[in-house]
Amino acid sequence: MSAYFVHESSYIDEDVIIGEGTKVWHFSHIQSGAVIGKNCSFGQNVNISNNVRIGNGVKVQNNVSIYEGVELEDYVFCGPSMVFTNDTTPRAKYPKGNAGYRKTILREGATVGANATIVCGHTIGKWAMIAAGAVVTKDIPDHALVAGVPARQIGWVCECGEVLPDNLICPVCGKKLER
Ligand SMILES: [Zn+2]
């Protein structure tokens with residue numbers, strides 16, 4: 001039994017693994033088979049579906065559902081009320097079941113802004129940044145800044161989160177983005 005925190009208003013199903021230092025706040029539900037790393041934070045009204053894998057140091061803001069087929073690597077940030085999907089052509093009458101879900105992967109350090117939507121079947125690169133309200137419909141390169149509907153690249157972002165100037169040297173931390 002590792003030392004993690006779950007608010008009494010939340011439900012953790014059977015066969016869930018949660019790492020040390022992780023916090024699950026109010027009115028959340030973590031479903032069976034989920035594997036969650038250390039030092040994560042899940043805000044209010046978060047649902048983590050069956051068999052979802054989440055790395056260490058991940059932050060999920062309020063009102064986010066992480067469906068089966070989605071994987072979050074270390075230090076991913078999910079902004080409030082952002083949306084994942086796991087089926088591009090859902091029909092109520094013809095459910096596909098979990099074998100039909102399309103995989104979505106968020107690589108280390110990726111950020112998804114408030115109210116953005118990630119259409120399933122895509123990979124968001126390391127330290128990429130998805131602007132608030134964007135709709136992602138394709139793979140996103142490492143360190144890309146994307147915005148709009150559908151999301152298009154408008155720049156590059158440093159690991160620290162600063163938007164980079166043309167020379168790709170971060171004015172805040174001094175790191176140069178090598179591409
Ligand atoms: Zn920087």
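Just so you know, ligand 1 is whichever comes first in the structure, and atom 1 is the first atom listed for that ligand. Heavy atoms only: backbone and side chains are in, while hydrogens, waters and symmetry mates are out.
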* If a pair satisfies salt bridge (Lys or Arg N to Asp or Glu O under 4.0 Å) and one of its residues is in residues 167-179, list it, with sequence neighbours excluded. => Glu159-Lys175

* Quick one: list whatever passes side-chain hydrogen bond (donor to acceptor under 3.5 Å, both in side chains) with Asp87, sequence neighbours left out. => Lys96

Determine all donor-acceptor pairs shorter than 3.5 Å in which one atom belongs to a side chain in residues 130-148; sequence neighbours excluded.
unit_1	atom_1	unit_2	atom_2	d
Asp139	OD1	Thr123	N	3.0
Asp142	OD1	Lys126	N	2.9
His143	ND1	Val157	O	2.7

* To do: State whether Arg107 and Glu73 are salt-bridged, where the test is any N-O pair (Lys NZ or Arg NE/NH1/NH2 against Asp/Glu carboxylate O) under 4.0 Å.
  => yes

* Do Trp127 and Tyr75 have their ring centres less than 6.0 Å from each other? -> no

* To do: Please determine, by modelled atom types, if Asn51 and Glu68 share a side-chain donor-acceptor pair under 3.5 angstrom.
  => yes

* **Protein-derived N, O or S atoms lying under 2.8 Å from the Zn ion (ligand 1), waters excluded** => 4

